[in-house]
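For reference, the structure is listed below as structure tokens.
Note that the structure is predicted; figures quoted are calculated from it, not measured. Positions are given from 1 along the sequence.
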Amino acid sequence: MANTLLTILATALLSSLLTLGIANYIFQKRLKNRYEAGLKEAIEQFKAEVGPEIEARVKKGVMEGIKSLPSREMLRDTTRTIAKTGLDIMGDSLKMATRPSRPRRPPGTPLDDD
């Protein structure tokens with residue numbers, strides 16, 4: 001009984017593998033070239049139909065981006081503001097670093113009520 005079941009399973013497995021091998025061979029030798037040619041044709045057709053519209057939209061977007069650039073004066077003022085803010089931050093950091101530290105109290109001592 002077990003020997004018959006094992007023979008059936010082995011036959012089914014070998015049949016499936018043989019079928020997959022034949023299908024792969026047919027696809028590689030015959031259908032792959034047709035599929036790639038059809039795909040290239042579809043891509044070229046898509047480029048021809050939609051390409052000019054996409055190109056026009058990209059040009060329009062670039063032109064709008066260039067037109068919306070701020071003026072030189074605004075850029076100069078913004079740069080100065082950023083530089084001043086950076087200097088203020090550095091100054092505050094240096095003040096904190098050079099400030100004398102308070103003496104630490106040992107743990108367990110009561111707080112002073114001044």
side-chain hydrogen bond (donor to acceptor under 3.5 Å, both in side chains) pairs, two or more places apart, involving residues 36-52: Gln45-Glu49
Quick one: pull up CG in Leu6 and OG1 in Thr11 and give me the separation to the nearest 0.5 Å. 9.0 Å
If two hydrophobic side chains count as joined below 4.5 Å and joins carry through other members, does Val58 share a cluster with Phe46? yes
Quick one: list whatever passes salt bridge (Lys or Arg N to Asp or Glu O under 4.0 Å) with Glu53, sequence neighbours left out. Arg57
Calculate, to the nearest 0.5 Å, the distance between atoms CG and NZ belonging to Asn24 and Lys29 respectively. 10.5 Å
Using a cut-off of 6.0 Å, state whether more than 12 heavy atoms not belonging to Asn3 lie near its atom CG. no
When every non-hydrogen atom of Ala48 is compared with those of Pro52, the smallest separation belongs to O-CD, 3.6 Å
Distance-only criterion, 3.5 Å: show the donor-acceptor pairs between side-chain atoms of residues 78-87 and protein atoms not counting sequence neighbours.
{"unit_1": "Thr78", "atom_1": "OG1", "unit_2": "Met74", "atom_2": "O", "d": "2.8"}
{"unit_1": "Thr79", "atom_1": "OG1", "unit_2": "Leu75", "atom_2": "O", "d": "2.7"}
{"unit_1": "Thr81", "atom_1": "OG1", "unit_2": "Asp77", "atom_2": "O", "d": "2.8"}
{"unit_1": "Thr85", "atom_1": "OG1", "unit_2": "Thr81", "atom_2": "O", "d": "2.8"}

State, yes or no, whether a side-chain contact exists between Leu18 and Leu14 at a heavy-atom distance under 4.5 Å. no
